[in-house]
Structure formats: C-alpha cells, structure tokens
Amino acid sequence: MDLSLTAEQEAFRDAARAFLEKEAVPHRQEWDDRESIDLGIIPGMAELGFFGLTIPEEYGGLGGDYVTYVLGMEELGRADSALRGIVSVSNGLVGKSILGWGTEEQKREWLPRIATAEVLGCFGLTEPGVGSDAGNLRTRAVRDGDDYVIDGQKLFITNGTWAQVALIFARTGGEGPRGISAFLVPTDTPGFTAREVTGKLGLRGQATAELFLDGVRVPASAMLGGPADQDGPNGEGQGFKVAMSSLDKGRVSVAAGCVGLVQACLETSVAYATSRTQFDRPIAAFQLVQDMIADLSLDADAARLLVWRCADLLDRGEPVGLAASKAKLYASEAAVRAANLCIQVHGGSGYVSDYPAAKFLRDARVMTLYEGTSQIQKLIIGRAETGINAFT
Ligand code: FAD
C-alpha cells in the first residue's frame with residue numbers, strides 16, 4: 001500500500017493552496033459577514049480546474065483521479081467551507097450525476113459548461129416535509145405529451161439562487177423511492193423560482209435557497225437516468241438511485257472538506273498557541289494545550305486516511321457507499337470537535353470574529369447534518385454490520 005502522492009497530485013494541491021491563500025483566506029470573514037462570497041472568485045477557481053476535476057477531458061474537464069479530487073476538496077475546506085460546498089454540489093453532485101447517468105446528449109449539453117463554471121448546478125432533493133426520508137418526497141412530475149410538468153417545493157438547496165441548472169427529484173410514479181425520477185431543469189424555465197435562505201449559522205458565504213416549481217415544463221429528454229430499458233416505464237423510477245449514488249460520492253466530498261477544516265483548526269491553533277504567552281511562557285508549552293493540539297493532529301490524520309480510502313476505491317471502480325458513510329461520519333464529527341478545540345486554544349479570542357476559530361465552528365456544525373445526518377450514516381454502517389435494515 002502506497003500512500004505517497006504523485007508529482008501531479010502534489011502540484012495540483014500546491015497550486016490550489018497558493019490560489020486560495022491569496023484569493024479566499026483574506027476575504028472569508030468579510031464574505032461570511034455579508035452572507036455571500038465574491039462570485040468573481042469563481043472563474044479563477046474554474047481555471048485551476050476545481051469544477052472539472054474527475055470530469056473526463058472529452059467533456060471539457062480536467063480528467064484526473066479521485067485522489068486529486070479529495071486533495072482539492074481538502075484545500076477548499078481548509079480555506080473556506082463555503083467555497084467547498086459550491087464546488088462539491090456543482091461538480092460533485094450534479095456533474096457526476098450527469099456523467100454517471102446521463103445520455104450522451106445530456107453529457108455534451110451540460111458537462112463542458114459545468115467543468116468551466118459557466119454553468120453552476122444545484123441538487124434539489126430535500127423538501128420542507130422530507131430530509132432524511134428523501135424516498136418519500138412529494139414534488140410531482142406529470143407526463144404531458146412529450147413533456148413533464150413539475151410542481152413542488154425544495155428546501156435548503158445549495159447554489160439554488162446562483163445555479164443555471166437544477167437536478168430536481170420528483171415523483172413520477174407511486175409511493176416510495178421507486179416512484180422517483182430525476183430531471184435536469186434549466187433554472188430560467190418559466191415557473192421555476194428560487195428564494196434565498198438567509199441567517200444561516202455557518203456557510204454564510206454560500207447561497208442556500210428554497211426552490212418553487214410551479215408548472216415547470218421540461219421535455220422528456222430532460223430526465224436523467226433513462227432510457228426506458230430500466231426499471232420503470234419511459235425510463236421513470238431511476239431518480240432515487242441517481243440521488244443515492246450521487247450522495248455516496250458527495251459524502252466523500254464533504255468528508256474531504258472536513259479534513260481541510262480540521263487541518264485549518266490545527267494550523268490556526270498551533271500558530272496561536274506558539275505566539276500567545278501566559279505565565280511567561282507560550283501557552284503551547286502547557287501540556288494541557290498540547291493535549292488539544294495532539295487531538296487535532298490525530299483527527300486530521302484519521303479523517304484524511306478514511307477519505308483517501310474512499311478516493312482509492314473510487315479510482316479502482318469499487319463500491320464506495322459504506323466507506324463514504326464512515327468517512328463522512330468521522331470527518332464531520334471531527335470537524336465539530338476540532339473547531340471547538342480551536343476556540344478553546346484561542347481562549348476568549350476564539351469567541352470573536354478577529355480570529356477564524358468562531359467561523360470554523362459555525363461552518364463545521366452543518367457537516368453532521370447535510371448529505372445524510374450522523375444518525376443516518378450510523379444506520380447505514382449498522383445495516384452493513386448487522387444485515388438489518390433500520391430504514392424499513
Ligand atoms: P430530519 O430528517 O427531519 O432529521 C431531524 C433529526 O432526526 C436529525 O437528527 C436526524 O438524524 C434524525 N432522524 C431522522 N430520521 C432518523 C432515523 N431514521 N433514525 C434516527 N434518526 C433520524 N439538501 C439538498 O437536497 N440539496 C442541497 O444542496 C442541500 N444543501 C444544504 C445546505 C445546508 C446549509 C443545509 C442546512 C441543508 C442542506 N440540504 C440540502 C438539506 C440537508 O441534506 C437536510 O437538512 C438533511 O438531509 C437532514 O434533513 P432534515 O433537515 O429534514 O432533518
């Protein structure tokens with residue numbers, strides 16, 4: 001087993017870090033205060049390749065392996081989790097769903113523009129009435145001639161007010177997961193509106209939205225996961241599989257971002273602990289402070305190794321679902337622990353926005369909630385270990 005990085009992987013990580021240190025880190029608190037990143041950073045991120053990682057070159061992407069992808073997500077998480085979320089959703093959840101499930105026409109239509117961030121994608125699964133129980137979603141798509149007409153509402157949708165394309169999960173059939181289909185909906189389609197959710201605890205630089213679909217008409221060719229040779233009639237009924245396979249990879253993205261967040265907490269804590277003096281000594285000289293630093297260092301390594309295992313499985317084309325749940329569970333809980341410790345190391349200074357520790361904690365807090373809460377990850381792991389499905 002060789003955990004060393006190739007020269008290309010190191011070069012990408014170093015370029016990503018240098019770019020983000022210059023273009024993101026100095027601005028992240030201001031973006032957080034005003035509840036929006038400066039969208040002017042997106043083209044630079046796209047030029048570096050963030051939005052095209054693992055999208056094949058023939059579709060305008062950078063190609064590249066999943067190890068490079070998780071290195072990129074780690075660097076984004078280290079700099080600003082709000083930026084990481086934008087990329088994870090557009091490239092990860094939407095781009096990779098199109099790559100995995102799309103027709104050739106859909107791939108050619110959307111992937112080159114997603115890879116360059118000319119188009120941002122959003123992923124519309126959660127609704128006001130369903131989050132963890134996404135298989136019971138209520139948004140409906142009804143066939144009308146060559147079209148589908150979609151009606152419903154989505155909640156907490158990352159990139160929702162910025163996206164040009166929304167991957168919308170809607171019910172085309174009966175109850176439960178098998179009645180769900182997925183549609184690629186251009187957000188300028190009549191009847192589609194997005195309303196910003198403001199006042200979030202963290203990830204404030206990132207747009208989060210409520211989506212309203214009111215008689216949104218799309219051609220049947222907008223369905224993702226067809227064609228008609230699969231489970232349901234007219235290619236219907238693949239949506240839940242599309243969503244779950246996207247979330248497997250999405251959880252790797254979130255986990256990798258959390259590794260970056262833990263790493264940022266470690267580096268920030270070391271910098272503070274070695275410069276802050278109490279009792280005539282740097283506080284880093286106190287064993288109880290070193291205890292916190294050691295916990296941070298261990299969590300960064302442990303979470304990173306779980307994430308790298310996922311990248312390795314993905315690069316070898318092996319199933320990643322269970323490993324992704326473990327990585328997401330561990331890394332997200334570690335991010336919350338790390339941000340808490342980072343504040344503790346900073347004392348009172350950790351509680352104000354002059355230092356990044358408080359933002360780290362606010363950003364970390366959502367990681368155990370979205371893309372499957374920690375409880376949901378435990379049920380997935382428990383199901384694998386016991387053979388008993390607690391979801392049904
Ligand atoms: P619920 O499902 O109502 O859960 C509430 C509590 O009950 C949790 O503790 C949960 O673990 C627990 N619980 C539920 N069911 C079980 C069970 N069977 N066993 C044990 N405990 C259980 N969604 C999208 O579709 N696209 C996005 O881009 C997106 N971005 C988001 C961005 C942000 C900032 C936030 C906050 C959310 C985002 N979400 C998005 C939604 C997110 O995925 C959901 O909030 C999450 O899945 C949890 O669903 P819920 O909020 O409805 O909570």
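Counting convention: from 1, in listed order, for ligands and their atoms alike.
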Identify, for [atom], the protein heavy atom at the shortest distance, and state residue, atom and that distance.
atom: atom 31 (C) of ligand 1; answer: Phe156 O, 2.9 Å
atom: atom 28 (O) of ligand 1; answer: Thr158 N, 3.0 Å
atom: atom 33 (C) of ligand 1; answer: Tyr370 CD2, 3.7 Å
atom: atom 17 (C) of ligand 1; answer: Leu379 CD1, 3.9 Å

Inset, instruction - Go through the side-chain N and O atoms of Asp65 and Thr68 and say whether any donor and acceptor fall under 3.5 Å apart. - result: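 Yes - a donor-acceptor pair under 3.5 Å links their side chains.
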Inset, instruction - Answer with yes or no whether the side chains of Gln287 and Asp291 bring together a donor and an acceptor at under 3.5 Å. - result: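 Looking only at side-chain atoms, Gln287 and Asp291 do not form any donor-acceptor pair under 3.5 Å.
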Inset, instruction - Is it possible for you to check whether Lys249 lies under 6.0 Å from the centre of the six-membered ring of Tyr69, through NZ or CZ, and within 45° of that ring's axis? - result: no
Inset, instruction - Within a distance under 4.0 Å of any heavy atom of Ile157, pick out the atoms of ligand 1 and give their elements. - result: 24 (C), 25 (O), 26 (N), 27 (C), 28 (O)
Legend entry - Interfacing atoms of ligand 1 (cut-off 4.0 Å, heavy-atom, Leu125):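 So the answer, numbered in order with elements, is 25 (O).
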Inset, instruction - Check Thr373 against ligand 1 and report side chain, backbone, both or neither, counting heavy atoms closer than 4.0 Å. - result: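 Just the side chain.
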Hey, does [X] come in under 3.5 Å of ligand 1, counting only N/O atoms on both sides?
X: Ser132; result: yes
X: Gly124; result: no
X: Val366; result: no

Inset, instruction - Using a 4.5 Å cut-off on heavy atoms from C-beta on, say whether the side chain of Glu75 contacts that of Phe19. - result: no
Legend entry - Presence of salt bridge, Asp299 and Arg337, under 4.0 angstrom: yes
Inset, instruction - Can you figure out which of Gln375, Arg204, Lys154, Arg365 has its heavy atom closest to atom 9 (O) of ligand 1? - result: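 Closest candidate by heavy-atom distance is Gln375.
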Inset, instruction - Work out which heavy atom in Ala115 is nearest to a heavy atom in Gly60; give both atom names and the distance. - result: CB-O, 3.4 Å
Legend entry - Tyr272 and His346 aromatic ring geometry - parallel, tilted or perpendicular at 30°/60° bounds: parallel
